[in-house]
Q: 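For reference, the structure I am asking about is given below.
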Number of protein chains: 2
Amino acid sequence: MRRVRKTPKQERSRQMVERIVTAGREVLVEHGYDACSTNRVATRAGISPGSLYQYFPDKQAVLAAVIDRYWDDVTERVAAALGDRVADEAGPAMVRATADALLAALERDPALLRVVVRQLPAQEHEARRASLERRVVGLATAYLGPRLPRDHRRDVAAVAWVVVVAVENLAVRWVLDQPAGISRNDLLDQVVALVGGYLGMPGVAGMPAGSTT
Amino acid sequence: MRRVRKTPKQERSRQMVERIVTAGREVLVEHGYDACSTNRVATRAGISPGSLYQYFPDKQAVLAAVIDRYWDDVTERVAAALGDRVADEAGPAMVRATADALLAALERDPALLRVVVRQLPAQEHEARRASLERRVVGLATAYLGPRLPRDHRRDVAAVAWVVVVAVENLAVRWVLDQPAGISRNDLLDQVVALVGGYLGMPGVAGMPAGSTT
DNA sequence: CCCTGATGCGAGTGATCGCTCGCTTTCAAG
DNA sequence: CTTGAAAGCGAGCGATCACTCGCATCAGGG
């Protein structure tokens with residue numbers, strides 16, 4: 001019954017955790033989820049399996065740390081872009097800037113994104129991804145609250161959820177699948193049209209005046 | 001080197017495959033992905049592990065069959081709803097009907113949906129889900145083609161992709177997460193507003209006249 | 001230089017699980 | 001009935017892998 005070391009030297013320990021998490025990320029990207037054994041991570045980190053377990057209680061914890069860092073990083077970047085501009089940009093520009101920031105964050109490490117989204121069982125990173133969403137939904141709600149027409153005010157929560165889920169998934173899917181014929185700018189245009197049309201933003205009428213009968 | 005039985009009696013064989021796939025689905029739902037061992041599936045199907053391997057080459061194939069059936073079923077139901085009505089309903093009504101059909105299909109077995117989407121590595125059901133999307137994107141493209149305003153015609157593919165990905169993910173997420181404060185009808189309303197606003201459908205102006213500066 | 005506790009090591013253990021193989025049962029044809 | 005091949009069985013093999021434990025190493029105070 002070996003216990004996790006209790007912050008033995010604070011500094012050395014933090015570095016070790018860092019090394020292990022980095023090694024975990026590298027193994028994940030280079031060998032995939034199935035081949036991501038604790039021994040391989042330890043070797044990659046330049047330590048022995050036994051040492052790894054002085055810093056993490058089990059394999060799950062190592063992976064969780066990798067995933068946490070990943071989504072935290074994405075969250076930071078998006079929140080920064082969104083936070084900066086709340087209320088000081090016109091609607092469409094803000095939508096585009098936010099989507100752009102999200103795309104940029106996801107594009108920083110497509111290989112890791114692919115492993116996380118495609119190989120890991122979703123429930124292993126569900127919690128972190130949910131917290132990213134919660135934060136963005138919060139910001140979106142604050143933004144939308146006073147801007148929705150009076151007769152739709154009570155729907156803010158639903159509207160914010162719909163926007164966030166839709167945009168997030170479009171961004172992830174676009175980065176991973178690179179659908180033929182849709183350039184990065186096309187995607188941003190479409191996202192602005194989608195959200196703008198939904199929210200009735202002036203000057204963004206979706207595909208305007210289409211005959212749809 | 002035991003080989004898969006070559007359709008030995010056609011009828012009995014088909015029944016066996018059926019029994020095994022059903023058992024696989026049940027084990028998946030009742031015990032989860034991690035506990036879905038071949039021995040358990042065989043036991044559940046009332047056969048021995050050895051017999052299972054006369055009908056499937058490996059574990060992966062059994063799971064693939066379960067997943068295939070699941071997405072095929074969903075695809076059928078959605079395509080039926082969409083196919084019936086292409087061109088004989090007004091835009092917004094069609095969007096709602098399609099979203100409704102998708103929701104209904106996903107709601108038929110939420111437990112299985114949860115296991116498939118949350119526990120299975122996404123790449124294991126990616127192919128089938130992609131084929132559902134391809135089919136719906138095809139139908140959507142056919143529908144949208146002649147209806148988009150001339151200056152957006154060249155975007156049909158992108159528009160169809162955006163609509164399908166957004167709606168699909170909203171539906172799956174709604175069924176699995178049941179977000180507080182969003183009823184089934186709320187969701188349908190929002191989807192209609194989202195898609196309608198995007199496509200500029202008359203009478204569906206999203207959140208109309210919002211001040212978004 | 002010795003002692004001691006903290007740190008690190010890595011071969012090994014125990015459990016799991018996909019899959020197999022040699023045997024038994026079934027059944028239809030002769 | 002006999003016979004033999006097809007169908008079915010299930011104990012167990014072989015490989016993997018998360019995790020452990022007893023030992024080596026080292027730092028630094030005496």
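Just so we're on the same page: letters track the sequence lines, and every chain starts at 1. Heavy-atom basis, side chains included; hydrogens, waters and symmetry copies ignored.
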Q: Partners of A:T22 by side chain to side chain contact (heavy atoms under 4.5 Å, CB included), sequence neighbours excluded?
A: A:R25, A:E26
Q: With sequence neighbours excluded, what pairs up with A:R19 under the side chain to side chain donor-acceptor pair (under 3.5 Å) test?
A: none
Q: So, using side chain to side chain contact (heavy atoms under 4.5 Å, CB included) as the criterion, who are the partners of A:D58 when residues are at least two apart?
A: A:Q60, A:A61
Q: Check every atom of D:dG8, C:dG10, D:dA18 against the side chain of A:S48 and return the nucleotide holding the closest atom.
A: C:dG10
Q: For nucleotides 12-14 of chain C, print each protein N/O atom paired with a nucleotide N/O atom at under 3.5 Å, atom names and distance only.
A:
none

Q: Let me know the distance between CE of B:M16 and C1' of D:dA6, rounded to the nearest Å.
A: 13 Å
Q: Grab the OH-P distance between B:Y53 and C:dG22 for me, whole Å please.
A: 18 Å
Q: Mind checking side chain to side chain contact (heavy atoms under 4.5 Å, CB included) for A:D34 and listing every partner two or more places apart, or none if nothing turns up?
A: none
Q: Just to be sure I understand the rule, does B:L52 reach a base, reach only the sugar-phosphate, or reach nothing, if contact means heavy atoms closer than 4.0 Å?
A: nothing
Q: Whole angstrom is fine here: how far is it from CG in B:D58 over to C1' in C:dT20?
A: 14 Å
Q: Kindly state each residue pair satisfying side chain to side chain donor-acceptor pair (under 3.5 Å) with at least one member in residues 104-117 of chain A, sequence neighbours excluded.
A: A:E107-A:R184
Q: Checking contacts here: which listed nucleotide (C:dC19, C:dG8, D:dC17) is nearest the side-chain heavy atoms of A:Q54?
A: C:dG8
Q: Can you name the closest pair of heavy atoms from B:W71 and B:R128 and give their distance?
A: CD1-CB, 3.7 Å
Q: Is there a donor and acceptor pair closer than 3.5 Å between the side chain of B:S51 and the base of D:dG8?
A: no
